[in-house]
Amino acid sequence: MVRNRYELKLIRESGKIATSALKKALQSVKVGISGLELDKIAQDEIYRLGGQLSYKTVPGYQFATCVTVNEQVVHGIPTGQKFEEGDLVSIDLAVEYRGWHTDCAWSVLVRGKGKGERGKSGKEKFLQIGEQALGEGIEQAVEGNRVGDISSAIQSRVEGAGYSVVRALVGHGIGKKLHEEPEIPGYGQKGTGMILKSGMALAIEVIYAKGTPEVILQKDGWTYAAADGSWGGLFEMTVIAGKEKAEVLTYNL
Ligand code: MF3
Ligand code: CO
């Protein structure tokens with residue numbers, strides 16, 4: 001839905017809070033810290049800036065963030081499990097500010113103090129590709145393009161590097177609710193789907209895995225993990241589609 005100037009102002013404010021919370025949580029990632037501790041850091045920052053927890057609008061969900069580690073891909077419940085050097089950690093969070101939602105996620109490697117590079121090989125490149133795919137998807141969020149242009153840009157980058165886009169979960173419109181129309185898959189055909197208009201708020205997501213695209217739901221009933229046990233990555237930003245260029249609301253990491 002196209003948002004007016006007043007609505008966009010509030011969505012931008014929401015995006016600033018989400019950015020700040022995600023940044024704080026990401027900066028805190030280190031050996032020995034847990035997802036629950038990161039969740040607390042993000043939550044405190046959201047409240048400090050006058051925001052609310054958008055994920056609490058999802059029935060049954062109680063956290064500020066989703067945190068996924070290694071083979072987990074998306075919707076991870078933050079746990080007390082401490083991170084180890086070389087772990088691949090993704091933090092996903094959304095904010096509600098005066099009724100307006102923004103959503104963002106980022107993935108990082110847990111770095112150790114020593115020179116030990118355990119588990120690092122290949123993960124750097126895996127993360128680089130996800131970030132690049134998100135950037136290329138966002139570039140397509142301009143008036144007159146279609147949703148499929150975003151999808152196909154993401155898919156080409158991810159598959160071009162030999163990884164897969166997870167099919168089970170998708171990006172989405174956002175605004176008055178966390179999830180709105182249209183769905184924005186990270187896979188699809190150019191020139192298909194809804195025509196984008198300037199002023200639409202979109203949560204563009206790259207949800208991908210190193211191996212096959214299949215995911216399984218873990219025992220907690222929330223967390224999706226790569227079925228083949230490979231790695232999962234997550235990059236998401238909320239943007240406003242523009243006439244010439246998308247405005248990224250949650251990017252300043
Ligand atoms: N961040 C997810 C999304 O982009 C939503 C997580 S919902 C939760 O759609 F309930 F798992 F938090
Ligand atoms: Co989302």
Side-chain angles (χ1 to χ4, degrees), residues 1 11 14-15 17-19 21-23 25-26 35-36 38-43 46 51-69 72-79 89-97 100-108 130-131 133-135 137-138 141 147 150-151 154 158 165-188 200-209 215-225 232-241 246 248-251 253:
M1 194 184 281
I11 298 178
S14 175
I17 300 171
T19 301
L22 184 59
K23 204 166 170 176
L26 287 170
L36 261 183
L38 296 181
D39 187 76
K40 175 77 167 71
I41 290 165
Q43 174 173 323
I46 292 170
Q52 299 293 322
L53 308 184
S54 168
Y55 288 173
K56 282 215 172 158
T57 63
V58 177
Y61 204 76
Q62 291 304 321
F63 299 94
T65 66
C66 294
V67 180
T68 44
V69 185
Q72 297 177 335
V73 183
V74 71
H75 286 189
I77 294 190
T79 73
V89 173
S90 307
I91 305 173
D92 190 357
L93 67 84
V95 163
E96 178 179 353
Y97 174 72
W100 293 92
H101 296 255
T102 49
D103 191 4
C104 52
W106 208 257
S107 302
V108 290
E131 179 174 353
L134 177 62
I138 289 172
V147 167
I150 300 175
S151 307
I154 293 172
V158 170
V165 175
V166 166
R167 306 298 204 257
L169 296 128
V170 295
H172 46 97
I174 189 164
K176 280 304 241 182
K177 289 191 294 186
L178 174 60
H179 296 133
E180 294 187 1
E181 291 291 302
E183 283 197 345
I184 309 175
Y187 52 92
M200 285 179 170
L202 308 170
I204 299 179
E205 309 198 27
V206 178
I207 307 167
Y208 67 118
V215 288
I216 47 161
L217 187 59
Q218 293 189 325
K219 281 196 215 94
D220 61 21
W222 286 96
T223 314
Y224 288 92
L234 197 57
F235 290 90
E236 174 180 21
M237 292 282 138
T238 297
V239 310
I240 299 170
V248 184
L249 301 189
T250 51
Y251 193 87
L253 297 166

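Here, residue 1 is the first one in the sequence, and each next residue gets the next number. Keep in mind that what you see is a predicted model, and the values were worked out from it rather than measured. One-based numbering, in listed order, for ligands and for the atoms of each.
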How long is the span from the OH atom in Tyr208 to the CG atom in Leu134, to the nearest 0.5 Å? 10.0 Å

Taking Gly76's backbone N and O only, do any of them form a donor-acceptor pair with Thr68's side chain (distance below 3.5 Å, no angle check)? no

I'd like the contact residues of ligand 1, where contact means a heavy atom below 4.0 Å. Tyr55, Val58, Tyr61, Cys66, His75, Asp92, Asp103, His172, His179, Glu205, Trp222, Glu236

Nearest atoms (heavy-atom pairs only) where Glu183 meets Val170: CD-CG2, 3.9 Å

Drop me the distance from Met237's CE to Leu22's CG, to the nearest 0.5 angstrom. 6.5 Å

Atom nearest to the Co ion (ligand 2) - Asp103, N, O or S atoms considered: OD2

With a 4.5 Å limit on heavy-atom distance, are the side chains of Met200 and Glu181 in contact? no

Between Val239 and Ala141 the two heavy atoms that sit nearest each other are CG2-CB, 4.2 Å

Would you check if Val95 and Cys104 make a side-chain contact, meaning some heavy-atom pair closer than 4.5 Å? no

Heteroatom of Glu205 nearest to the Co ion (ligand 2) (N, O or S, atom name): OE2

Shortest-distance N/O/S atom, Glu236 versus the Co ion (ligand 2): OE2

Return yes if some donor-acceptor pair links the side-chain N/O of Ser107 with the main-chain N/O of Gly233 below 3.5 Å, else return no. no

Strictly under 2.8 Å, is the Co ion (ligand 2) approached by any N, O or S atom of Asp92? no

How about His172: does one of its N, O or S atoms come closer than 2.8 Å to the Co ion (ligand 2)? yes

